[in-house]
Structure formats: structure tokens, C-alpha cells
Amino acid sequence: MNTKKLLFQEAEAFVSVLTSAAVSLLERGTSIIVATTDSDGRPFACRAWAVDVVDEGIRVLMPSDETIAFANLTETRRYALNACDVRTLESVQVKGVLVRIEEESAADRRRAGRHVDEFAHEIHDTDGFDEGVIKRMVHSEYVPVVLTVEELWDQTPGPNAGSAITV
Amino acid sequence: MSTLDIDELAPCFEGLIPAVIATADNNGVPNITYLSRVMKVDDEHVALSNQFFSKTSRNLAVNPRASVLLLNPLTFAEFRISIEYERSERRGPIFERMREDIDAIAALTGMSGVFALKSAEIYRVTEIVRKAPSGVA
């Protein structure tokens, strides 16, 4: 099997999956959770910081110490990612597979910093928590992962929670 | 990271910050859902609020293992617990206590009529890990 060709085909498929509203939600300072599974089907959840929509799908900055998540992604490739607006609880979930793991750059650290600032500000404005305390959750090193997007789901609390979103 | 006792999660059970549960289907496809409420049942079990759990419930029927993220609302320390689904309760003291809490959270967040407790899901806790803070503030 030509893996590169397969991944390219998967990447082409994603373009029609994401709505403009989903792109907006994914790329702003939301609460981002990534779930992966090992070869036994054991799920593993972790937090991530900053999502950008790219040609192949999405590029996500994950904390460098989440070694189980990276091992799972390398082994099974499958992931789910939830982005939730802390002010409105508007949420989407995307699913797909790993394309590649990249090296962190200075631009990535700046991008993560912007996301964290926005995220902490939103929480402070919504619930009154101290921004400095919120930023204790933040990591100092990140690993960018590029992922395809094959499915888009509405996760906003309410009657449509859990339903597929189609363009 | 370190392994901890369930009582160290007490502040996370106040319901001030939603928790997150990850499950997986029998093909290993993961799924993520937010939770309004996580409660201690005893030294080995927690109860999770089931409000909009259709996909999560389907996953747990074929794969009872789940991963939950919790935040301490005072320190924002993050915990990850590994759990295994045991049963659902739709009546009784745990369910009633959780329903009262969910109603209160719904009223506070303007979600009355949206948040409705279907059941209290009982899980056995197999591991508790505290994520080390980065020191970045």
C-alpha cells in the first residue's frame, strides 16, 4: 500500500467536512481535548493547546510530556478532538487519523501562547477564575501533530448533541 | 506524575468545572464528551452524570474502559483517572443527589431544560494520575 498516497487521499476528503463555523471554533481560544486509543482499545484523554486548519486537516499543539498519546497516535493513528467555547459551551468534535508528528518551532510556542492567553481570558471573564492560576495548566513545550479530519460532530449541550454535522 | 488516592480529588467533585470523558468503540475509535458532575461513591468508585451520552453509552457497552480529565477549581491542577464502567443507576440516593446537583448547575448556567440527568453511571477507578504543573504562570 502506498501510505503517502493514501494519506493524501484522506487529506483531500477532509476539505468538505469542516464548516466555517467549525473552523472558527477550532481555531479560537477554546478548551481542547484530544482522545487516542492504544492497540487494546484503551482510551486516553489529554489536553491540547491551539488548533490550526491546514491543507491536510488540522495541526494541533500537544504537550510534549503526553507520551502515551503520542505512542497511541503512532500505533493506532486514530484520534478524536473536542473544542469547546468556555463562554457559550458551543462544542464540536472532529475525528480522523494521524498524518505526521512534527518538530516544535518558535512560531508554535508563540501560537500556543496566544491560545492560552485567549483561553484563560475567556474563563476569567465567564467564571471569574484568576488568569494566572489558569495558566498553571499550561505546558512549556509542545509537539505539533498533523491530523486528517474525516468526521465532524455537534457536541453543544442540547437536543443536537452527538449528531453529525454535514456541509 | 504520581498515583493518588480518590479523596485527593475532592475539590474536583464540586462541579465548578466540567470534567471530560473519553471512551472508544470496538474498532478503537475514540469519543469525547463533557460531564457536568463527577461524584465519589466510595474509595474505589465514582459516579458520572449521564446527560447526553448516546455515543458514550454505545461505546461502554462494548468497551467498559474510559479516561476522565478533572480540574481542581482552586489550583487548576489537572488529574486523569482511568475507570471501568460497572452499572447505571436511575433511582436511589446516588441518582437523587446527582439530579439535585445537575438541576443546580443547570440553573446557574442557564441550561435548565437542556441538562437532564438520565442516569448516574457507576465506574470502578483503576488509576489516578496528577498532571505535573509546568510552573508557567
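Every chain is numbered from 1 and lettered A, B, ... according to where its sequence line falls, protein lines coming before strand lines.
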Quiz item: Side chain, backbone, both or neither: which part of A:Leu81 has a heavy atom under 4.5 Å from chain B?
Solution: backbone
Exercise. Tell me, out of B:Leu71, B:Leu74, B:Asn26, B:Val68, who's got the most heavy-atom pairs with chain A below 4.5 Å.
Key: B:Leu71
Quiz item: B:Pro18 versus chain A, heavy atoms under 4.5 Å apart: side chain, backbone, both or neither?
Solution: neither
Quiz item: Given A:Ile165, which of A:Asp154, A:Val17, A:Val94, A:Leu18 fulfils the side-chain contact (heavy atoms from CB on, under 4.5 Å) condition?
Solution: A:Asp154
Quiz item: Which residues satisfy the side chain to side chain donor-acceptor pair (under 3.5 Å) test with B:Asn59, sequence neighbours excluded?
Solution: B:Thr23
Quiz item: Is it the side chain or the backbone of A:Ser39 that comes within 4.5 Å of chain B heavy atoms, both, or neither?
Solution: neither
Quiz item: Is chain B contacted by the side chain of A:Asp130, its backbone, both, or neither, given a heavy-atom distance below 4.5 Å?
Solution: neither
Exercise. Measure distances from A:Val86 to the heavy atoms of chain B and classify the residue's part below 4.5 Å as side chain, backbone, both or neither.
Key: neither
Quiz prompt | Exam field: side chain A:Glu131 to backbone A:Glu122, donor-acceptor pair closer than 3.5 Å | solution = no
Quiz item: For B:Arg99, does the CZ atom have more than 12 heavy-atom neighbours from other residues, nucleotides or ligands under 6.0 Å away?
Solution: no
Self-check item: Top contributor to chain B interface from A:Asp40, A:Leu89, A:Val116 [non-hydrogen pairs under 4.5 Å]
Solution: A:Asp40
Quiz item: Which one, B:Ser67, B:Gly28, B:Pro30, B:Ser82, leads in non-hydrogen pairs under 4.5 Å with chain A?
Solution: B:Pro30
Quiz item: What is the distance from atom CZ of B:Arg130 to atom CD of B:Glu78, rounded to the nearest 0.5 Å?
Solution: 10.0 Å
Practice problem: Count the heavy-atom pairs under 4.5 Å between each of A:Thr37, A:Ile123, A:Thr76 and chain B, then report the option with the highest count. | Solution: A:Thr37
Quiz prompt | Part of B:Asn63 lying under 4.5 Å from any heavy atom of chain A | solution = side chain
Self-check item: Under 4.5 Å from any heavy atom of chain A - which part of B:Leu69
Solution: side chain
Exercise. Select, from A:Ala35, A:Gly41, A:Ala45, A:Ala80, the one with the greatest count of heavy-atom pairs under 4.5 Å involving chain B.
Key: A:Ala45
Self-check item: Electrostatic pair B:Glu84:B:Arg124 at N-O distance under 4.0 angstrom
Solution: yes
Exercise. Using side chain to side chain donor-acceptor pair (under 3.5 Å) as the criterion, list what pairs up with A:Glu27, not counting sequence neighbours.
Key: none
Quiz prompt | Heavy atoms from other residues, nucleotides or ligands near CZ of A:Arg109 exceed 12 (cutoff 6.0 Å) | solution = yes
Self-check item: Which atoms of A:Phe129 approach chain B - backbone, side chain, both or neither, heavy atom under 4.5 Å
Solution: side chain
Practice problem: Check the angle between the aromatic planes of A:His115 and A:Phe119 and answer parallel, tilted or perpendicular using the 30° and 60° thresholds. | Solution: parallel
Practice problem: Check whether B:Val20 gets within reach of chain A through its side chain, its backbone, both or neither, counting any heavy atom under 4.5 Å. | Solution: side chain
